[in-house]
Amino acid sequence: MASFVLVPGAGGMAWYWHRVVPLIRAAGHEPIAIDLPGDDRHAGLAAYADIVIRAIAERSDVILVAQSLAGFTAPLVCARAPVRMVVFVNAMIPEPDETAGAWWGATGAAEAREQAAARRGYATEFDVGTYFLHDVPQDVLRAGPEQPREEAETVFGEACRFERWPEIPIHVLAGRDDRFFPIEFQRRVARERLGKEVEEIPGGHLVALSNAEGLTERLLAYESGLTR
């Protein structure tokens, strides 16, 4: 049995994984959805990593799944916990000592987002509905929190202190319908920063809400590859 440690992006709400958790459990594995204090201006990357590591505890068969901003927490956890595999999901992939704030300019994320919007005919100016919720079913949204947790600025200014990625399997999953981090952009960043090719699945930026089944299927396939 593997432990899938599911780390959410900005805001840090464990609820983001609520559709994936029962699917992983039904497959005979342990899902651990992490809740992070995203709105706490006193908590940064180091605090996030501490929370994830405490949740891992003594577990040794750990698959770390990092959504969006959680890509900056992933290497800090890998340096201190027995992680067997990392799966990025529409994630920010950091360079050593980079800040999440600097990542946007270094990767050209905003320009890529605007260019994709102009090509595909939706608003270039960011709004939550257009970029995050466009493919999330209404019944899922109605069941969610009334007010999403906002991310404090603290985490964007804290350097991601790691030397190199560990010698373990690393997979990069991207939603082909992601408007926030367009698929072409994710392909380029994965190649430049990890030397990896992206695997596409249907869904937008919040793919764990819009395509929980497809995401879980890929996570379980990765785990199966570890045990062959």
Side-chain angles (χ1 to χ4, degrees), residues 1-38 48-78 80-91 132-133 135-146 148-149 166 168-178 198-228:
M1 180 183 74
S3 297
F4 288 83
V5 177
L6 309 168
V7 189
M13 299 181 72
W15 176 84
Y16 172 72
W17 301 105
H18 80 281
R19 298 189 67 203
V20 172
V21 163
L23 300 175
I24 291 176
R25 186 176 292 119
H29 298 288
E30 180 187 29
I32 303 173
I34 303 295
D35 200 72
L36 297 173
Y48 291 4
D50 287 344
I51 291 168
V52 177
I53 290 162
R54 283 198 297 271
I56 291 171
E58 301 302 316
R59 295 171 178 87
S60 58
D61 193 359
V62 172
I63 296 173
L64 184 66
V65 184
Q67 157 74 18
S68 196
L69 177 61
F72 269 76
T73 302
L76 306 183
V77 175
C78 288
R80 296 169 51 198
V83 175
R84 294 188 66 201
M85 176 187 290
V86 174
V87 183
F88 291 109
V89 181
N90 293 328
F132 285 171
L133 307 181
D135 68 331
V136 179
Q138 286 300 309
D139 61 327
V140 174
L141 294 177
R142 284 194 293 270
E146 288 187 13
R149 188 182 299 160
I168 60 175
I170 296 176
H171 297 279
V172 184
L173 268 177
R176 69 170 60 105
D177 310 303
D178 192 341
V198 159
E199 182 169 1
E200 299 178 30
I201 56 174
H205 194 66
L206 303 184
V207 68
L209 296 178
S210 63
N211 184 17
E213 294 82 2
L215 173 57
T216 304
E217 180 182 350
R218 292 315 311 150
L219 296 178
L220 296 173
Y222 293 151
E223 189 280 332
S224 179
L226 264 182
T227 56
R228 285 198 194 113

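It should be emphasised that the depicted structure is a prediction, and the values quoted were computed from it without experimental measurement.
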*asked:* How long is the straight-line distance from CG of Leu23 back to NE2 of His29, given to the nearest 0.5 Å?
replied: 12.5 Å
*Test Asp50 against Arg80 for side chain to side chain contact (heavy atoms under 4.5 Å, CB included), laying out the working first.*
CA-CA 9 Å; Asp50 287 344; Arg80 296 169 51 198; 2.9 Å; yes
*Has the side chain of Asp61 got a donor or acceptor atom that lies under 3.5 Å from a matching backbone atom of Arg84?*
no
*asked:* I'd like to know if the side chain of Asp35 and the backbone of Ala14 have a donor-acceptor N/O pair within less than 3.5 Å.
replied: yes
*Please report the closest heavy-atom contact between Gly203 and Ser210, naming both atoms and the distance.*
CA-OG, 3.9 Å
*Provide the closest heavy-atom pair for Val20 versus Ala212 in the form atom of the first, atom of the second, distance.*
CG2-CB, 4.0 Å
*Sequence-distant partners of Arg25, side chain to side chain donor-acceptor pair (under 3.5 Å), two or more places apart*: none
*asked:* Closer than 3.5 angstrom, by distance alone: can the side chain of Tyr48 be matched with the main-chain N or O of Leu36 as a donor-acceptor pair?
replied: no
*Got Ile51 and Pro37 here, is their nearest side-chain heavy-atom distance under 4.5 Å?*
yes
*If you round to the nearest 0.5 Å, how far is CG of Leu133 from CG of Leu209?*
8.5 Å
*Considering only heavy atoms from C-beta outward, does the side chain of Val86 approach that of Cys78 to under 4.5 Å?*
yes
*Ignoring hydrogens and angles, tell me if any N or O in the side chain of Gln67 forms a donor-acceptor pair with the backbone of His205 under 3.5 Å.*
yes
_To the nearest 0.5 Å, what is the distance between CG on Asp135 and CG on Leu206?_
7.5 Å
*Heavy-atom pair of closest approach, residues Arg19 and Ala208*: CB-O, 3.8 Å
*Of Val21, Leu219, Val5, Thr216, which meets side-chain contact (heavy atoms from CB on, under 4.5 Å) against Pro31?*
Val21
*asked:* Within this structure, what is the CZ-CD distance for the pair Arg176 and Glu199, rounded to the nearest 0.5 Å?
replied: 10.0 Å
*Of all the heavy-atom pairs spanning Ile53 and Ala81, show the shortest one and how long it is.*
CG1-CB, 4.4 Å
_Return the CG to CD1 distance between Leu215 and Ile201, rounded to the nearest 0.5 Å._
5.0 Å
*Over all atoms of both residues, closest heavy-atom pair of Leu220 and Ala27*: CD1-CB, 3.7 Å
*asked:* Any non-hydrogen side-chain atom of Glu30 less than 4.5 Å from a side-chain atom of Ile24?
replied: no
*With distance as the sole test, does Trp17 use its side chain to make a donor-acceptor pair with the main-chain N or O of Leu6 at under 3.5 Å?*
yes
*Would you check if the side chain of Arg59 reaches a backbone N or O of Ile56 as a donor-acceptor pair within less than 3.5 Å?*
yes
*Heavy atoms, side chains only, cut-off 4.5 Å: are Pro8 and Met13 in contact?*
no
_Is there a side-chain contact between Leu173 and Tyr222 in this structure, where contact means two heavy atoms from C-beta onward sitting under 4.5 Å apart?_
yes
*Between CD1 of Ile32 and CD1 of Ile63, what distance do you get to the nearest 0.5 Å?*
11.5 Å
*Residues which pass ring pair (Phe, Tyr, Trp, His ring centres under 6.0 Å) with Phe88, listed by chain and number, not counting sequence neighbours*: Trp165
*Looking only at atom types and distance, does a side-chain atom of Asp178 sit under 3.5 Å from a main-chain N or O of Gly204, one as donor and one as acceptor?*
no
